[in-house]
Amino acid sequence: MEAKLDRSFFLRDARVVARALIGTHLVHVHGQTERVVRIAETEAYCGPRDLACHARAGLTKRTKTLLGPPGHAYVFLIYGMYDCFNVTCRGEGSGHAVLVRGGEPVSGIEAGIRCDGPGRLGRAMGITRALDRVDLTGDVLFLRARAKGERPTIAVTARVGVAYAGERADKPWRFVDAKSRHASRPSKRFIGRGG
DNA sequence: CTATTGATGGTC
DNA sequence: ACCATCAATAGG
């Protein structure tokens, strides 16, 4: 079993963390059940100057976690129905976070349940706002490193659903495992690759 | 395959 | 009023 990602992993720019998270395993332990998904799609949100980032609103009830210490879960409700899982990063108060948008079920998830799409992933993994502010270096919700030597091919695109964010809307801050079929959108939108 | 629409709730 | 979504439905 690969090592749990520690605090130092999260103390970096959201764009760096977002890319590094592709291919890692997200683990949620709840009682006897352990659910694991391999992350295939992420997006970076880069603080108050990024109009697509919730940190643009400043310190509010919701953004308290986002503006809190790195390496914690930031879980928020979108469209009244779906819990979106994010990882806080860079530094306390920076407002940097990575939205995990999709992945491939590994274990503990009922056969046929898909994890592509932020809403589906949250639901399949049993992640709700009750887990907001949970420390990701703990034993309930955490990440495990990629297998040694694993170097996924990563495609880079603009983020989804942020057309309102002006100049920042077109930034290539979405990262997808190019070989995975478990991203929320098809490859035709890819505008580059790397990693 | 694409396009459209309704469900739903917290923040601003 | 807005929104970092999804499922069901209708149409080509």
Side-chain angles (χ1 to χ4, degrees), chain A residues 10 13-22 26 37 39-68 70 72-90 94-105 109-134 136 141 143 154-177 180-191:
Chain A
F10 303 103
D13 187 284
R15 289 159 286 196
V16 175
V17 176
R19 180 182 288 267
L21 279 174
I22 299 297
L26 172 64
V37 68
I39 295 175
E41 179 184 1
T42 60
E43 282 178 358
Y45 288 83
C46 301
R49 290 174 49 206
D50 176 5
L51 279 329
C53 182
H54 290 165
R56 72 194 179 294
L59 185 59
T60 67
K61 188 172 181 182
R62 177 166 71 162
T63 61
K64 195 174 167 191
T65 305
L66 175 58
L67 292 166
H72 288 244
Y74 169 45
V75 184
F76 65 88
L77 183 71
I78 190 66
Y79 301 130
M81 271 177 255
Y82 300 103
D83 290 290
C84 293
F85 170 70
N86 301 249
V87 173
T88 60
C89 48
R90 202 172 84 160
S94 71
H96 276 228
V98 175
L99 169 64
V100 178
R101 288 188 53 90
E104 173 183 1
I109 294 168
E110 199 182 330
I113 300 296
R114 290 162 57 189
C115 298
D116 45 320
R120 278 198 287 257
L121 182 137
R123 194 177 51 194
M125 287 293 287
I127 296 172
T128 69
R129 281 161 292 159
L131 292 174
D132 184 49
R133 224 169 168 67
V134 162
L136 296 173
L141 194 58
L143 291 137
I154 295 174
V156 184
T157 83
R159 294 172 293 180
V160 174
V162 297
Y164 61 90
E167 166 206 335
R168 299 287 176 129
D170 301 321
K171 296 286 184 186
W173 292 348
R174 173 169 173 258
F175 302 89
V176 179
D177 180 341
S180 175
R181 294 175 296 104
H182 297 271
S184 66
R185 301 199 177 216
S187 60
K188 69 175 181 180
R189 294 184 49 156
F190 291 178
I191 59 176

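Chain naming here is simple, since letters A, B, ... match the order of the sequence lines and numbering starts at 1 in each.
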Counting N and O atoms only, with roles assigned by atom type, does the side chain of [X] sit under 3.5 Å from a partner on the main chain of [Y], one being a donor and the other an acceptor?
| X | Y | value |
| --- | --- | --- |
| A:R120 | A:D116 | yes |
| A:T63 | A:A55 | no |
| A:R56 | A:C53 | yes |

Using whole Å, what does the distance between atom [atom2] of nucleotide [N] and atom [atom1] of [X] come to?
| X | N | atom1 | atom2 | result |
| --- | --- | --- | --- | --- |
| A:R114 | C:dT5 | CZ | P | 15 Å |
| A:F85 | C:dT5 | CZ | C1' | 18 Å |
| A:D83 | B:dT8 | CG | C1' | 12 Å |
| A:R101 | C:dT5 | CZ | C1' | 9 Å |
| A:Y82 | B:dG6 | OH | P | 15 Å |
| A:M81 | B:dT5 | CE | P | 16 Å |
| A:F76 | B:dC12 | CZ | C1' | 15 Å |
| A:N86 | C:dA4 | CG | P | 12 Å |

So, taking the atom named [atom1] in [X] and the one named [atom2] in [Y], what distance separates them when rounded to the nearest 0.5 Å?
| X | Y | atom1 | atom2 | value |
| --- | --- | --- | --- | --- |
| A:F76 | A:T65 | CZ | OG1 | 11.5 Å |
| A:H96 | A:L66 | NE2 | CG | 9.5 Å |
| A:T157 | A:W173 | OG1 | CH2 | 13.0 Å |
| A:R159 | A:R168 | CZ | CZ | 8.0 Å |
| A:H54 | A:N86 | NE2 | CG | 8.0 Å |

If you look at every strand shown and take non-hydrogen atoms under 4.0 Å, does A:L99 touch a base, only sugar-phosphate, or nothing?
base
Expected output is a numbered-order residue list: members of residues 118-132 of chain A with a heavy atom under 4.0 Å from any atom of DNA chain C. What is it?
A:P118, A:G119, A:R120, A:R123
For DNA chain C, find the residues of residues 48-59 of chain A with a heavy-atom distance under 4.0 Å and give them by number; none if there aren't any.
A:A52, A:H54
Which heavy atom of A:A124 sits nearest a heavy atom of A:I113, and at what distance?
CB-CG2, 3.7 Å
Give me the atom names and distance for the closest heavy-atom approach of A:A14 to A:A97.
CB-O, 3.6 Å
Contiguous pairing runs of three or more, Watson-Crick or G-U under 3.5 Å, that involve DNA chain B
B:1-7 with C:5-11, B:9-11 with C:1-3
Apply side chain to side chain contact (heavy atoms under 4.5 Å, CB included) to the pair A:I127 and A:L26, showing each step before the final yes or no.
CA-CA 11 Å; A:I127 296 172; A:L26 172 64; 4.0 Å; yes
Out of C:dT5, B:dA7, B:dC12, whichever nucleotide has its closest atom nearest the side chain of A:Y79
C:dT5
A:R62 side chain, from C-beta outward: closest of B:dT11, B:dG10, C:dC3
B:dT11
